[in-house]
Amino acid sequence: MSEQLGQLSIDSSTVGEKLVLAMSGSADMRDSSGLAELLLKHDAEARRLGLKQVDVDVRTVEFMNSSALNAFVRWFADMKRRGQAYRVRFLSDPSKRWQRGSLSALASFAADTVTVEAVV
Amino acid sequence: MSGHVLFDLALLPRWEVISEVRRLVSRALERLEIEPDHAYCASLATHELLENAVKYGKGEVRVRIVLDPKERTVKRVDVENWTTRAQVQRLKRAVGDVATAQNAMRKYTSLMGRSNGGLGLARVAAEGEMSLLCRVRANRVAVSAVPTGGSADV
């Protein structure tokens with residue numbers, strides 16, 4: 001399924017016990033509530049299907065503003081509150097400088113659940 | 001003021017221009033062979049400070065990038081706008097809060113998930129490793145982001 005939020009595209013697919021959210025473009029929306037809602041919708045689907053992992057592929061995302069990053073934080077906070085059902089793995093491109101800084105900050109917010117994997 | 005001004009842009013406060021300005025700054029710094037970490041931090045600061053100015057400001061926004069061409073570094077990023085007295089006070093508090101934090105990354109992660117603002121400023125300090133300064137004249141406010149260890153030299 002493909003979804004579009006401003007300049008950010010999100011393709012979602014289920015592979016075995018894994019949900020893959022492949023993002024591309026730029027997440028620089030003024031109001032990130034749409035992104036937060038979308039992430040929570042996928043969270044509900046992952047729980048419903050009993051999935052073990054969600055991969056968020058941001059390798060082709062050019063930039064995320066702090067509001068968009070906060071939408072992820074809301075997802076992780078909600079996941080903490082409701083109990084961890086799956087692990088989250090970011091697939092990142094270390095040549096994109098924002099991913100090195102921002103994703104490690106995001107992972108530190110939910111270190112027991114979220115990992116960042118650099119894919120060259 | 002020392003250093004070379006690369007840009008001194010006057011913009012309408014439109015959300016659509018923010019990413020375009022970030023890309024413009026990023027491309028120009030790359031072509032000038034500015035040290036890549038400095039270039040990234042300057043484009044991050046441009047984006048986040050410009051977002052604040054567009055969200056909370058009124059009227060024209062000025063963006064200024066000052067370089068040290070010899071060192072191939074960015075000396076500072078300034079974003080200046082008009083706003084209300086209440087927003088000036090809010091911004092001064094938010095900049096002071098970030099500027100006085102003992103640990104910029106801890107401050108940044110502590111603000112994540114909250115809705116009371118300051119996250120973009122904290123991101124500039126933590127990820128961009130920049131110090132923040134706020135100058136106010138009447139209801140005209142200027143926020144400068146200076147690479148840590150650098151001098152505002154205004």
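Since we're looking at a predicted model, the values are computed, not measured. First the proteins, then the strands, lettered A, B, ... as listed; each starts at 1.
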Do other residues, nucleotides or ligands put more than 12 heavy atoms under 6.0 Å from the CD atom of Glu129(B)?
no
Out of curiosity, does Tyr56(B) fall in the hydrophobic cluster containing Leu91(B) (side-chain heavy atoms, cut-off under 4.5 Å, transitive links)?
no
Between Ser104(A) and chain B, with a heavy-atom cut-off of 4.5 Å, which part of the residue counts as in contact: side chain, backbone, both or neither?
neither
Specify which of Arg100(A), Arg74(A), Met64(A) makes the most heavy-atom pairs with chain B at under 4.5 Å.
Met64(A)
Side-chain contact test, heavy atoms from C-beta onward, threshold under 4.5 Å: evaluate it for Tyr108(B) versus Leu69(A) and give yes or no.
yes
Do the side chains of Leu9(B) and Val143(B) join up, straight or via other hydrophobic residues, at under 4.5 Å, putting them in one cluster?
yes
Ala105(A) versus chain B, the contacting section by heavy-atom distance below 4.5 Å
both
If you round to the nearest 0.5 Å, how far is CG of Leu106(A) from CE of Met112(B)?
4.5 Å
Heavy-atom pair of closest approach, residues Glu62(A) and Arg22(B)
OE2-NH2, 2.8 Å
Single-linkage hydrophobic cluster Val58(A)~Leu91(A), side-chain heavy atoms < 4.5 angstrom:
no
Can you confirm whether more than 12 heavy atoms, excluding those of Lys96(A), are under 6.0 Å from its NZ atom?
yes
Given the options Arg123(B), Glu48(B), Lys55(B), which has more heavy-atom pairs under 4.5 Å with chain A than any of the others?
Arg123(B)
In this structure, would Leu6(B) and Ile18(B) fall into the same cluster of hydrophobic residues linked by side-chain contacts under 4.5 Å?
yes
Heavy atoms only: give me the nearest Thr109(B)-Ser108(A) pair and the separation to one decimal.
CG2-OG, 3.4 Å
Please check if the number of heavy atoms outside Glu30(B) that lie under 6.0 Å from its CD is greater than 12.
no
Atom pair CH2/OG of Trp98(A) and Ser26(B) - distance to nearest 0.5 Å
14.0 Å
Other residues, nucleotides, ligands: >12 heavy atoms within 6.0 Å of Arg47(A) CZ
yes
In terms of heavy-atom contacts, His47(B) and Asp28(A) come closest through CE1-CB, 3.9 Å
In one Ile/Leu/Val/Met/Phe/Trp/Tyr side-chain cluster, 4.5 Å: Leu24(B), Val54(B):
yes
All heavy atoms of Asn65(A) vs all of Trp15(B), minimum pair found to be ND2-CZ2, 4.2 Å
I want to check something: taking the side chain as every heavy atom from C-beta on, are Ser26(A) and Arg23(B) in contact at a cut-off of under 4.5 Å?
yes
If you tally heavy-atom pairs under 4.5 Å against chain B, which of Gly6(A), Ser67(A), Ser102(A) wins?
Ser102(A)
Leu119(B) versus Asn70(A): any side-chain heavy-atom pair under 4.5 Å?
yes
Considering only heavy atoms, which portion of Met105(B) lies under 4.5 Å from any heavy atom of chain A: side chain, backbone, both, or neither?
side chain
